[in-house]
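Data block below; observations after.
All figures in this text were calculated on a predicted structure; none of them were measured in a lab. Counting from 1, the numbers follow the sequence of the chain as shown.
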Amino acid sequence: EITITANFGLGESVVSGVVTPDVYVVQNNNNNNNMNENYDNFAILDKTIGDKKESIWLASSSSGPTTVQRTNQDPKQQALSESQILQVAKLVARVEEAYGNILQQQQKNDQSLSSSLQNGTILHPVDIEWAFGNDDNEDNGGREHGQTTTLYLLQARPVTSYIPLFPELLTPRGTAFKRNLYLDIVVMTQGFNEPFSVLGLEIWKTMLGLVKPQFSTEGPEGMSWNLHGRQYMHVSNFVSTLGGRAMIQKGVGQYDPAIGRALATIDLDDYTPVETPSGASGMIWKQLKRVGLAIPGMIWGLWLRDKAMDAYLEYIDDLMERCCEESDDSYMPDADFQTLVNTTMEEWAEEAVKYVTLVAAYFSRFRLYKLFQGKEGSEDLLISLCMDLKGNPTSAMGHAMLQLASMAEVQTTATGDEFCQKLNQEGTFSTEFMTRYHDYMRRYGCRGYKEIDIASTRTSESPAEFFGRLKQIDIEHNAIINVTERRRQAREKLLEMAKEMGKEEVFETHDHIIENILGYREHPKYIYVFMVAMFRRRALKLGREFVRQGRLDSVEQIFNLSMAEISKAQTDVDMELRPLVEAHLQPYRIVEHVQTWPLLIDSRGKILRENRRTTDSQDPNVLLADPVAPGKIRGKAKVLKSPYEKPVFSGEVLVARFTEPSWTPIFINASAVVMEVGGPLQHGAIIAREYGIPCVSGLENATSLISDGDVLEVDGSLG
């Protein structure tokens, strides 16, 4: 699409913001290098006539040419005729092609760029300044409505800040071709922006295909795209399936309301294929098959509850024992890397479905919401009742960190280097501290930023950094201390309400189930991360061997290979690995400048966003977001683009684009959380509720609108 802004007179009135110009949107349907002189390949999609009250014109004076500002005779008249709009659009297309030819020539001499981009014509996005002028070069005396005949190109520059789509995701230009719509799964669900490593994405997609059949197919005919470090839901193919449209509109919309509002701005029919793609056919039956396998576990979980949970934990303890560092030499020592990964995850996915005990906790939560429906204040109390629960590994990790941070060994140590020295000196730290420290590392040393990616560093690998996080925790005033008391008070109030209704026993039963089971909702991801940490240790061992053999330059390059390539390299000592690494990394370089990835983008590069919402308040300082964790708090803002870039002190309000489990220590100090991305089921929102911290999400550009030190009042109940 080509966007044109226009006013009468010189372009200065548009660029400087003197007026609200006309805005024309033109679709370039040309799909070859021959621009049609009759403009048949361009279509005007939209015309918005601006309030062009003023314009700026060239004028003559005794000292030479100058400019004057004049009032337009008819501000609502269209500045350009339709033929002129199409002329400008064609000029833009020609300039795009010219810049593309330059880039194409550069690529022929630059083997670091993707070879897939060296085929066909590149049309590089450009920004131009233009003007229609009189052929006689005379001042038109302000006759802004007169027809001028010659189009001049005044300036052109390439747009460098756009997000280039990978060639595999593009669809051809033209009205004959349906656009596809893609949703960035990782940004939506996992809370990080950086791309996966090559190996990390392959392992992640393997797991996702095992536990969620809707992601078991990929590519142009499938339900997902896994490309060069990014994972997309193929929304177009999803909505072509039975029940797919409802899942996208309601399921995704509930997960992240901002995405739901963005989807509401378009007609999904425009993105729905005429026929259901092969990779999407029969998807409903695959999902029903998965549900069928889970039904016995659901019944068992509803009927036996605590016993079913004990059986699940017994299996998980056995799996973790096999995946812990002490078992590295004994667990599948002779298996090639791909067999190790696939066998371990397939067993986990098959066994875990037998223990769907969480259904009992979800049922109990539903029953309590029905029980207290309409009771004033009950909704916030029920949210507090579901805070700080047993079995939530991220919440438990926070408690364990607070325990370690409170011990004298941490309080009396000044630096990370000193901490590491004392760790390695037997007898320097107390037995109690060392026991707790090693227990923490055994349970949570697998965690870290981007922890689902095998290439990401683990907490256990950097004790000095871990010490720094412990030192940041305010051991006297923090969310963990407050949340325990908050849950106790909420339980007492709800119990009193239940007694008044004669439902005390019903409440006690469901509260017990929630307290002992619901916290395990975060457990599947934790176990996945625990397995990935084991895969990482095995991969690093192989990487060191490949470096010793002279086939890799660094150990970390192992993460730029696929599972099959690693497995083949284990037996084929003559296999060249450097060319494979380079080939995998080429497409990454195309997008390495992108700092912020959009959630929704179509196959022609159009980014979909929700319409900006407004409040009834007349105060411009009131910003509207989505409520995800209740409570109201006032504090100074601390804006973070990445975890630990600067400390968050007790009582400050954390402002971030999104968060994930590695931000947990920051949550301990924060009094509230404001996020740009993520709904009530995103990890940041879940941890905010676990710690009883008010939290809102869906506030677009929060990290730009808010600065460090701004005083914020966050209402997590109203948004």
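In this structure, Phe366 CZ and His510 NE2 are separated by 10.5 Å, a value rounded to the nearest 0.5 Å. To the nearest 0.5 angstrom, Asp184 atom CG is 9.5 Å from Leu600 atom CG. With rounding to the nearest 0.5 Å, the separation of CE in Met401 from CG in Leu470 is 4.5 Å. Taken from CG in Leu385 to CD in Glu492, the straight-line distance is 12.0 Å, to the nearest 0.5 Å. With values rounded to the nearest 0.5 angstrom, Thr394 atom OG1 is found 8.5 Å from Tyr444 atom OH. Rounding to the nearest 0.5 angstrom, the gap separating the CG atom in Asp474 from the CZ atom in Phe649 is 10.0 Å.
For the pair Tyr24 (side chain) and Leu80 (backbone), a donor-acceptor distance under 3.5 Å is present. In this structure, Arg689 contributes its side chain and Ala629 its backbone to no donor-acceptor pair below 3.5 Å. For Glu676 (side chain) and Thr703 (main-chain N/O), a donor-acceptor pair under 3.5 Å exists by modelled atom type. Under a 3.5 Å cut-off, the side chain of Asp127 and the backbone N or O of Arg157 do not form any donor-acceptor pair. Using a distance-only test at 3.5 Å, with no hydrogens or angles considered, no donor-acceptor pair links the side chain of Lys178 to the main chain of Ser236. Between the Asp602 side chain and the Gly605 main chain, a donor and an acceptor come within less than 3.5 Å of each other. Using a distance-only test at 3.5 Å, with no hydrogens or angles considered, a donor-acceptor pair links the side chain of Ser378 to the main chain of Phe372. With Glu645 contributing its side chain and Ser642 its backbone, the two residues share a donor-acceptor pair below 3.5 Å. No donor-acceptor pair under 3.5 Å is formed between the side chain of Asp710 and the backbone N or O of Ala637. Without hydrogens or angle criteria, Asn193 side chain to Trp597 main chain gives a donor-acceptor distance under 3.5 Å.
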Criterion side chain to side chain contact (heavy atoms under 4.5 Å, CB included) on Val653 and Val673, from CA distance to verdict: CA-CA 6 Å; Val653 177; Val673 179; over 6 Å; no
Verdict with supporting geometry, Leu712 and Val655, side chain to side chain contact (heavy atoms under 4.5 Å, CB included): CA-CA 10 Å; Leu712 305 179; Val655 181; 4.0 Å; yes
Side chain to side chain contact (heavy atoms under 4.5 Å, CB included) assessment of Leu169 paired with Ile601: CA-CA 10 Å; Leu169 296 177; Ile601 191 168; over 6 Å; no
Candidate pair Lys76 and Asp74, rule salt bridge (Lys or Arg N to Asp or Glu O under 4.0 Å), full reasoning: CA-CA 6 Å; Lys76 285 296 184 179; Asp74 186 358; over 6 Å; no
Worked verdict on Arg609 versus Glu700 for salt bridge (Lys or Arg N to Asp or Glu O under 4.0 Å): CA-CA 9 Å; Arg609 296 184 175 90; Glu700 189 176 1; 3.6 Å; yes
Worked check of side chain to side chain contact (heavy atoms under 4.5 Å, CB included) between Tyr526 and Arg447: CA-CA 8 Å; Tyr526 168 60; Arg447 311 209 74 167; 4.1 Å; yes
Criterion salt bridge (Lys or Arg N to Asp or Glu O under 4.0 Å) on Lys493 and Glu496, from CA distance to verdict: CA-CA 5 Å; Lys493 292 178 181 178; Glu496 189 64 33; over 6 Å; no
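Heavy-atom neighbours of Lys250 NZ from other residues, nucleotides or ligands within 6.0 Å: at or below the threshold of 12. Environment of NZ in Lys632: sparse, with no more than 12 heavy atoms of neighbouring residues, nucleotides or ligands closer than 6.0 Å. More than 12 heavy atoms of other residues, nucleotides or ligands sit less than 6.0 Å from atom NE2 of His399. Sparse packing is recorded around CZ of Arg367, with 12 or fewer heavy atoms of other residues, nucleotides or ligands lying under 6.0 Å away. Around the CD atom of Glu379, the shell of radius 6.0 Å holds no more than 12 heavy atoms that belong to other residues, nucleotides or ligands. Within 6.0 Å of the NZ atom in Lys503, the count of heavy atoms belonging to other residues, nucleotides or ligands does not exceed 12.
Each of Lys636, Arg634, Lys638 was checked for a salt bridge (charged side-chain N to carboxylate O under 4.0 Å, His left out) with Glu652, and the lone residue meeting it is Lys638.
A salt bridge is absent between Glu522 and Lys390: the closest approach of a Lys/Arg side-chain nitrogen to an acidic carboxylate oxygen does not fall below 4.0 angstrom. Salt-bridge check for Asp511 with Arg487: passed, with a basic side-chain N closer than 4.0 Å to an acidic carboxylate O.
Counted by atom type alone, Asp269 and Tyr271 present zero donor-acceptor pairs between their side chains at under 3.5 Å. Between the side chains of Gln190 and Lys525, a donor-acceptor pair is found at a separation under 3.5 Å. In this model, no donor atom of one side chain and acceptor atom of the other lie less than 3.5 Å apart for His523 and Asn392. Residues Asn669 and Ser650 bring no donor and acceptor atom of their side chains to less than 3.5 Å of each other. Between Asn72 and Lys52, the side chains place no donor N or O within less than 3.5 Å of an acceptor N or O (distance only, hydrogens not considered). Under 3.5 Å, the side chains of Trp204 and Gln231 contain a donor-acceptor pair of N or O atoms. Counting only N and O atoms by type, the side chains of Ser240 and Arg245 include no donor and acceptor under 3.5 Å apart. Donor-acceptor pairing under 3.5 Å is lacking for the side chains of Arg491 and Ser384. Side-chain atoms of Asp388 and Thr484 form a donor-acceptor pair, as typed in the model, at a separation below 3.5 Å. Counted by atom type alone, Tyr528 and Glu451 present zero donor-acceptor pairs between their side chains at under 3.5 Å. Neither side chain, Thr5 nor Asp22, offers a donor N or O lying under 3.5 Å from an acceptor on the other.
By the 4.5 Å heavy-atom criterion applied to side chains, Leu170 and Arg604 are counted as neighbours. In this structure, Met233 and Tyr182 have side chains that are not in contact, with every pair of non-hydrogen atoms separated by 4.5 Å or more. Using a 4.5 Å cut-off on side-chain heavy atoms (C-beta onward), Phe8 and Gln77 make contact.
Listed here is the closest heavy atom pair of Phe166 and Leu227: CE1-O, 3.9 Å. Of all heavy-atom pairs between Ala262 and Glu610, the closest is CB-N, 3.6 Å. Between Val696 and Asp715 the shortest heavy-atom distance is CG1-O, 3.6 Å. Listed here is the closest heavy atom pair of Leu654 and Ala670: CB-CB, 4.2 Å. For the pair Lys47 and Ile44, the tightest heavy-atom approach, listed with the atom from each and the gap, is CG-CG2, 3.8 Å. Pairing each heavy atom of Ile383 with each of Tyr369, the nearest pair is CG1-OH, 3.6 Å.
A cation-pi arrangement, defined by a distance under 6.0 Å to the six-membered ring centre and an angle within 45 degrees of its axis, is present between Arg469 and Tyr644.
Scanning for side-chain contact (heavy atoms from CB on, under 4.5 Å) contacts around Ser406 gives Leu402, Ile475, with sequence neighbours left out.
Taking the six-membered ring for Trp and thresholds of 30 and 60 degrees, His234 and Trp225 have nearly parallel ring planes, at less than 30 degrees apart.
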